[in-house]
Amino acid sequence: MRFLTASILPVEASEHATRVDYLFYSLLAVSIGIVILLTFLITYCIIRYRAGSSADRTPLKIDSRKLEITWTILPGLIFIGIFAWGAKLYIEGDQSAPRSDTVYILARQWMWETRYPDGRREHNRLHLPIGRPIQLLMTSEDVIHSLYLPSMRMKQDVLPGKYVSLSFTPDKVGTFPFYCAEYCGTKHSAMIGEVIVMAPQDYQKWLTEGNQNQSLAKQGGKLFAEMGCAGCHFPGSSVHAPLLEGIYGKNIPLDSGEFVTADETYIRDSILLPLKQIAAGYEPLMPTYESQLNESQVMALIEYIKSMKNDAGSSHLELRPNPPGTKSANPDP
Ligand code: HEC
Ligand SMILES: [Cu+2]
């Protein structure tokens, strides 16, 4: 399909993009086929049955019921097929591969901040290695933005107060543009950037060169100590607070009787809006950090909490087994 895309659509730079284009060209082919068929029939009838022509005009004696059933069911099946195809692609773009690399993206008026697990941070640029599944975890610091990656055939609204994700596997080395696709204020049109897809060895080099930061998880660990989190979330603490080892991806029972998955949004809200969801069996003692931590620091804390593995013998998880019939979303034991 690449020979076609080169001229009509932006370059395909991910496996997903290639699949989306197959769907797009199939739709185009079906539409062109129908246009040709209808144009042919109209032209044929206009000429054949023009005034004064000697065409046979006696009514046909055919079973119109059969005909109508056919032209209802056949296009119906084609449309349902196209719908299923599109839905499958959509769902695939939403699911991350079990072993994908994570990159965090923080949107703000009017720039994109990218943060890598190794601590590197950039503006309006996203470096990725070719051939590895990537999960972008994104949130906004202010208004609604939307990350639009034409070469990946992907677009996702980036909302304040919530983490959203996009998953894809780049399969072409090069530089591809991305945009903000949701009007977000005066300089919305300046909110553009570049995805730079690199060969694995170049990417390794890029990762290690010039990175003076500690890993994102380490930065979070430092905040965890400095902000006094460790004082409560600690096995010997005098405050009855849940241990955070291994909570990421678990099903957490809440005071209200509901269950939530401990994903990025849950951890974020636990820190900034602790009263929103109280873990079952605990008092709402946790202070809010809304005025003390910004979204970027919370990102580091999330990465730190995700990196905390639960060591055997932790009673924390025994207190909170997964409810029956649910599966842990966390592939790592
Ligand atoms: C005063 C003690 C205290 C401090 C300080 C504290 N927490 Fe908490 N935290 C709690 C308690 C109690 C709960 C359980 C009740 C609830 O869900 O709010 C909790 C719940 C949580 C949860 C949800 C955990 C779960 O298992 O559902 C997370 C995540 C969390 N805290 C992270 C933090 C972080 C990060 C900090 C520091 C920025 C912090 N806490 C500071 C007491 C504290
Ligand atoms: Cu924007």
Side-chain angles (χ1 to χ4, degrees), residues 105-113 124 138-148 155-160 178-193 217 219-234 237-256 258-295 297-308 310 314-322:
I105 295 185
L106 184 57
R108 76 167 69 94
Q109 287 166 323
W110 286 278
M111 61 150 94
W112 303 96
E113 183 176 320
N124 297 334
M138 308 180 282
T139 192
S140 162
E141 210 171 78
D142 35 56
V143 299
I144 301 178
H145 302 274
S146 180
L147 184 76
Y148 177 35
K155 191 193 268 174
Q156 170 66 53
D157 278 10
V158 180
L159 314 167
F178 63 80
Y179 306 94
C180 179
E182 182 75 56
Y183 181 68
C184 58
T186 317
K187 291 192 188 149
H188 159 69
S189 62
M191 221 173 137
I192 53 181
Q219 296 174 31
K222 206 159 147 250
L223 282 170
F224 199 76
E226 283 172 8
M227 302 309 293
C229 320
C232 290
H233 295 282
F234 160 74
S237 162
S238 58
V239 179
H240 178 54
L243 295 182
L244 303 176
E245 277 82 0
I247 64 159
Y248 179 69
K250 282 269 166 338
N251 263 296
I252 306 285
L254 299 180
D255 216 28
S256 60
E258 293 165 300
F259 286 88
V260 292
T261 304
D263 56 8
E264 287 80 11
T265 303
Y266 174 74
I267 297 175
R268 175 201 178 269
D269 287 353
S270 294
I271 300 169
L272 297 180
L273 311 160
L275 294 182
K276 188 177 150 200
Q277 290 160 318
I278 308 292
Y282 295 94
E283 295 296 317
L285 297 172
M286 179 160 156
T288 167
Y289 285 87
E290 219 172 355
S291 54
Q292 297 167 56
L293 292 172
N294 60 34
E295 214 60 68
Q297 291 169 311
V298 172
M299 221 168 233
L301 279 167
I302 292 175
E303 185 65 10
Y304 173 65
I305 291 171
K306 282 166 77 170
S307 76
M308 294 163 90
N310 82 86
S314 154
S315 62
H316 177 61
L317 291 167
E318 283 154 36
L319 286 172
R320 298 199 279 160
N322 278 335

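In each ligand, atom 1 is the first atom listed, and ligand 1 is the first ligand listed.
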### Query
Hey, is L275 touching ligand 1 through its side chain, its backbone, both or neither, going by heavy atoms under 4.0 Å?
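It is neither; nothing of L275 touches ligand 1.
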
### Task
Would you check the N or O atoms of A279, main chain and side chain alike, for any that come under 3.5 Å of an N or O of ligand 1?
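Checking ligand 1 against A279, an N or O pair does fall under 3.5 Å apart.
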
### Query
Purely on distance, is any nitrogen or oxygen of E283 under 3.5 Å from one on ligand 1?
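Min N/O separation from ligand 1 is not below 3.5 Å for E283.
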
### Query
Are the side chain of Q109 and the backbone of C184 linked by a donor-acceptor contact shorter than 3.5 Å?
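Yes, Q109 side chain to C184 backbone: donor-acceptor pair under 3.5 Å.
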
### Task
Ignoring hydrogens and angles, tell me if any N or O in the side chain of T288 forms a donor-acceptor pair with the backbone of L272 under 3.5 Å.
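Side chain of T288 to backbone of L272, a donor-acceptor pair under 3.5 Å: yes, one is there.
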
### Query
Taking both backbone and side chain into account, is any N, O or S atom of C184 nearer than 2.8 Å to the Cu ion (ligand 2)?
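An N, O or S atom of C184 is closer than 2.8 Å to the Cu ion (ligand 2), so yes.
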
### Query
Is the distance from the Cu ion (ligand 2) to the nearest N/O/S atom of M191 under 2.8 Å?
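A backbone or side-chain N, O or S atom of M191 is under 2.8 Å from the Cu ion (ligand 2).
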
Need the ligand 1 atom indices (1-based, order shown) with element for anything under 4.0 Å from a heavy-atom of [X].
{"X": "G228", "value": "5 (C)"}
{"X": "C232", "value": "1 (C), 2 (C), 3 (C), 4 (C), 5 (C), 42 (C), 43 (C)"}
{"X": "I252", "value": "27 (O)"}
{"X": "I271", "value": "35 (C)"}
{"X": "Y266", "value": "23 (C), 25 (C), 27 (O)"}
{"X": "Y282", "value": "14 (C), 15 (C)"}
{"X": "H240", "value": "12 (C)"}
{"X": "L244", "value": "24 (C), 28 (C), 29 (C), 32 (C)"}

### Message
Quick check: do E182 and M191 have side-chain heavy atoms less than 4.5 Å from each other?
### Response
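Sidechains of M191 and E182: no contact.
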
### Message
Using side-chain heavy atoms (C-beta onward) and a distance below 4.5 Å, is W110 in contact with C180?
### Response
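W110 vs C180: side chains apart.
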
With [atom] as the reference point, say which of [options] has the nearest heavy atom.
{"atom": "atom 9 (N) of ligand 1", "options": "H233, Q292, K276, K250", "value": "H233"}
{"atom": "atom 33 (C) of ligand 1", "options": "Q277, M286, Q297", "value": "M286"}
{"atom": "atom 13 (C) of ligand 1", "options": "P242, A241, P284, S270", "value": "P242"}

### Message
Assess, by modelled atom type and distance only, whether the side chains of Y304 and Q219 contain a donor and an acceptor separated by less than 3.5 Å.
### Response
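Q219 and Y304 do not have a side-chain donor-acceptor pair below 3.5 Å.
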
Specify the closest pair of heavy atoms between [X] and [Y], including all atoms of both residues, with the distance to one decimal.
{"X": "M299", "Y": "I105", "result": "CE-O, 3.7 Å"}
{"X": "L243", "Y": "H233", "result": "CD2-C, 4.3 Å"}
{"X": "E290", "Y": "L273", "result": "OE2-CD2, 4.0 Å"}
{"X": "S270", "Y": "M286", "result": "O-CE, 3.0 Å"}

### Message
Report the atom name of the nearest N/O/S atom of H145 relative to the Cu ion (ligand 2).
### Response
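Looking at H145, the N, O or S atom with the least distance to the Cu ion (ligand 2) is ND1.
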
### Query
If you count the non-hydrogen atoms of other residues, nucleotides and ligands that lie under 6.0 Å from CD in Q292, is the total more than 12?
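Yes, CD of Q292 has more than 12 neighbouring heavy atoms, counting only those of other groups under 6.0 Å.
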
### Query
With under 30° as parallel and over 60° as perpendicular, where do the rings of Y183 and H188 fit, or are they tilted in between?
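Aromatic pair Y183/H188 classed perpendicular.
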
